[in-house]
A.B. asks: 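Have a look at this one.
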Amino acid sequence: MFDLYLLKMSDYLSQQTPFYLYDTTLLHRTLARASECAGRHGYRIHYAMKANHNPALTRIISSYDMGADCVSGNEVAEAIRQGFAASEVVYAGVGKSDQEIRQALDSNILCLNCESLEELQLTAEIAQAMNKVAPVAVRVNPGVKANTHKYITTGMEENKFGVHLALVRQALDYASESPWLRLMGLHFHIGSQITSLEPYEKLCHRVNELWQSMDMDSRGATLLNLGGGLGVDYEDPETNAIAPFDRYFDLFAANLRVPSHLKIRFELGRSIVAQCGKLITRVLYTKKGINRNFAITDAGMTELMRPALYQSRHLITSLTSNGPQQTYDVVGPICESSDVFAKDVMLPETKRGDMLAIHTSGAYAESMTLNYNMRNRPGVVVLKR
Ligand SMILES: *Cc1c(COP(=O)(O)O)cnc(C)c1O
């Protein structure tokens, strides 16, 4: 991996491909907007490290007075290394190892979002052995449909995440009664790439009900973490470069009925970084199939797994050709039939050597890179205008 700080388009056209191109100006604009819209209601954002943990980005994000949302011990350590205050780090995950729990307690993070009674019990055991009290929130699986791809839905009964509604009281009672746990509050995260606000409205109603029916106030809880998932525009990223943070946070403000002293937190990943990154790739070959033209790129699912994993579609544009439009299947070099970026896309006539930009690749692209086929690590170019 190499970092470059370049100014002109022509400078990076000569770079070895594939590489991620990050636009820090857009990142700053996005962060300013997100902070402003959350701040109006006294909400705070924890950046979800798993969306992209490139230090060139996380260093900037941590400078915006945000917390971090982590899903592994290594992410917890990295968040702190990149400038997030440990006291503003939360840690979720259905399968935290003993070592990861110990490390999180050792780092004095804000809260572990626990996903089962067994995890609460283990956390209490580890805390006792360390002679510490562990701050915990119970992650609730609220049974709210997120209307997104099934692989990025997390808040339904059949998903592995969170404590099922019928078992929440038992988990809360355990957390309230254990001398080695401090119950901070409730945690929710219903899914990712959610583009309609309706699921969030349902979530608010669930949260209102639960905060009351579970006697959260008398348990001394003050933290309400509503997760992330705000979607971005993959079809028209230039027009909608910044996610609708205003409508998102305003919807919560309009629908939440919880005590005003609560600390309300959100965990946004994709909507912070997705539009700030593009994957730049060169066309290695074009070839004709039966009724199709393939453009075979030097980037593949190893650099951007989303299309193969979630059948997602990214806008692809040409950086070097303005010939007549043709239809292509843009495919990677990896030995998997799912290694396809997009079928039947219109591109200017493309030949070997042309460069393509795969847009909206700032989130869940670099952080998901695979070594499969013994691929080289892709490059990184950080654009500071
Ligand atoms: C992945 C994740 C997020 C971030 O989701 P986005 O869709 O990127 O906003 C937030 N919270 C938890 C617990 C997660 O696992």
Side-chain angles (χ1 to χ4, degrees), residues 22-72 74-92 104 107-113 135 137 184-189 192 200 221-230 232 241-253 256 258-277 362-363 367 382-385:
Y22 293 126
D23 175 352
T24 58
T25 307
L26 179 57
L27 179 60
H28 278 288
R29 282 177 47 217
T30 306
L31 288 163
R33 181 84 182 133
S35 304
E36 182 210 330
C37 296
R40 273 183 216 152
H41 307 292
Y43 300 158
R44 285 197 77 169
I45 300 170
H46 292 249
Y47 170 66
M49 289 288 287
K50 76 174 188 289
N52 192 326
H53 57 260
N54 189 309
L57 306 185
T58 51
R59 273 272 151 202
I60 294 173
I61 298 168
S62 67
S63 75
Y64 275 77
D65 193 32
M66 288 186 176
D69 162 46
C70 301
V71 291
S72 73
N74 288 343
E75 281 192 3
V76 170
E78 179 63 10
I80 295 169
R81 219 173 6 251
Q82 297 309 330
F84 292 97
S87 59
E88 289 296 322
V89 170
V90 294
Y91 175 22
S107 305
N108 296 313
I109 65 169
L110 175 65
C111 186
L112 286 87
N113 295 326
M184 307 287 287
L186 296 178
H187 174 229
F188 302 83
H189 174 65
S192 200
Y200 289 120
T222 55
L223 184 69
L224 176 56
N225 183 338
L226 296 157
L230 176 61
V232 300
I242 297 185
F245 295 112
D246 49 352
R247 289 196 291 126
Y248 175 73
F249 290 116
D250 289 353
L251 177 118
F252 282 94
L256 283 174
V258 291
S260 58
H261 70 275
L262 295 195
K263 297 185 190 77
I264 300 182
R265 308 296 180 100
F266 292 84
E267 302 170 329
L268 296 177
R270 187 190 310 270
S271 54
I272 302 290
V273 290
Q275 304 292 20
C276 307
S367 61
V382 180
L383 204 57
K384 295 180 167 178
R385 275 182 288 200

A.B. asks: What is the distance from atom CG of Leu186 to atom CG of Asn225, rounded to the nearest 0.5 Å?
C.D. replies: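 If we round to the nearest 0.5 Å, Leu186:CG and Asn225:CG are 9.5 Å apart.
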A.B. asks: If the test is side chain to side chain contact (heavy atoms under 4.5 Å, CB included), which one of Leu26, Leu57, Ile60 qualifies with Leu31?
C.D. replies: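 Exactly one option meets the side chain to side chain contact (heavy atoms under 4.5 Å, CB included) with Leu31, and it is Ile60.
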A.B. asks: Can you measure from OH (Tyr200) to CG (Leu226) and round to the nearest 0.5 angstrom?
C.D. replies: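 Here the interatomic distance stands at 10.0 Å.
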A.B. asks: Between the side chain of Ser367 and the main-chain N/O of His53, is any donor-acceptor distance below 3.5 Å?
C.D. replies: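 It does not hold such a pair.
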A.B. asks: Applying side chain to side chain contact (heavy atoms under 4.5 Å, CB included) between Val89 and each of Ile80, Leu110, Asp69, report the one that passes.
C.D. replies: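 Only match with Val89 under side chain to side chain contact (heavy atoms under 4.5 Å, CB included): Ile80.
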A.B. asks: Do you see a donor-acceptor pair shorter than 3.5 Å between the side chains of Asp250 and His41?
C.D. replies: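 Checked: Asp250/His41 side chains pair up, N/O donor to acceptor below 3.5 Å.
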A.B. asks: I'd like to know if the side chain of Tyr43 and the backbone of Ala253 have a donor-acceptor N/O pair within less than 3.5 Å.
C.D. replies: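 Yes, because the side chain of Tyr43 sits within donor-acceptor range (under 3.5 Å) of the backbone of Ala253.
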A.B. asks: Over all heavy atoms of both residues, which pair between Ala79 and Cys70 is shortest? Give the atoms and the distance, please.
C.D. replies: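 The pair with the smallest heavy-atom distance is CB-SG, 4.0 Å.
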A.B. asks: Could you tell me which non-hydrogen atom of Ser107 sits nearest to which non-hydrogen atom of Ala86, and how far apart they are?
C.D. replies: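 Nearest pair, atom of Ser107 first, then Ala86: O-CB, 3.3 Å.
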A.B. asks: Output the distance between atom NE2 (His28) and atom NZ (Lys384), rounded to the nearest 0.5 Å.
C.D. replies: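 Answer for the NE2-NZ pair, His28 versus Lys384, is 8.0 Å.
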A.B. asks: Report yes if some heavy atom in the side chain of Ile109 is under 4.5 Å from a heavy atom in the side chain of Phe84; otherwise report no.
C.D. replies: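 Answer no - side chains too far apart.
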A.B. asks: Any side-chain heavy atom of Val273 sitting closer than 4.5 Å to one from Tyr22?
C.D. replies: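 They are not in side-chain contact.
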A.B. asks: Distance-only, no hydrogens or angles: does the Thr222 side chain make a donor-acceptor pair with backbone N or O of Leu262 under 3.5 Å?
C.D. replies: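 No: the side chain of Thr222 does not pair with the backbone of Leu262.
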A.B. asks: Looking at Leu268 and Ile272, what are the two nearest heavy atoms and their distance?
C.D. replies: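 Here Leu268 and Ile272 meet closest at O-CG1, 3.7 Å.
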A.B. asks: Within this structure, what is the OG1-OH distance for the pair Thr30 and Tyr64, rounded to the nearest 0.5 Å?
C.D. replies: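 So the gap between those two atoms works out to 9.0 Å.
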A.B. asks: For residues Ala363 and Arg270, report the shortest heavy-atom separation together with the two atoms involved.
C.D. replies: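 Nearest pair, atom of Ala363 first, then Arg270: CB-CA, 3.7 Å.
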A.B. asks: Looking at CD of Gln275 and CG of Leu27, how far apart are the two atoms once the value is rounded to the nearest 0.5 Å?
C.D. replies: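 Between Gln275 CD and Leu27 CG, I get 12.0 Å after rounding to 0.5 Å.
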A.B. asks: Calculate, to the nearest 0.5 Å, the distance between atoms CZ and CZ belonging to Arg40 and Phe245 respectively.
C.D. replies: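 One finds 12.0 Å between CZ of Arg40 and CZ of Phe245.
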A.B. asks: Taking Gln82 for the side chain and Glu78 for the main chain, is one N or O donor matched with an acceptor at less than 3.5 Å?
C.D. replies: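 Checking the backbone N and O of Glu78 against the side chain of Gln82, no donor-acceptor pair under 3.5 Å is found.
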A.B. asks: Can you check whether Arg33 reaches Asp246 side chain to side chain, under 4.5 Å on heavy atoms?
C.D. replies: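 Side chain of Arg33 against side chain of Asp246, heavy atoms only: contact under 4.5 Å found.
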A.B. asks: Do the two ring centres, one from Phe266 and one from Phe252, sit under 6.0 Å apart?
C.D. replies: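 Centroid distance Phe266-Phe252: below 6.0 Å, so yes.
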A.B. asks: Could I get the full list of salt bridge (charged side-chain N to carboxylate O under 4.0 Å, His left out) partners for Glu88, not counting sequence neighbours?
C.D. replies: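 Salt bridge (charged side-chain N to carboxylate O under 4.0 Å, His left out) check on Glu88 returns Arg44, Arg265.
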A.B. asks: Work out which heavy atom in Ser271 is nearest to a heavy atom in Ala243; give both atom names and the distance.
C.D. replies: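 Closest pair (atom of Ser271, atom of Ala243, distance): CB-CB, 3.9 Å.
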A.B. asks: Okay, side chain of Tyr248, backbone of Cys37: is any donor-acceptor separation there less than 3.5 Å?
C.D. replies: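 Answer holds: no.
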A.B. asks: Which atom pair, heavy atoms only, marks the closest approach of Ala68 to His46?
C.D. replies: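 Heavy-atom minimum between the residues: O-ND1, 3.3 Å.
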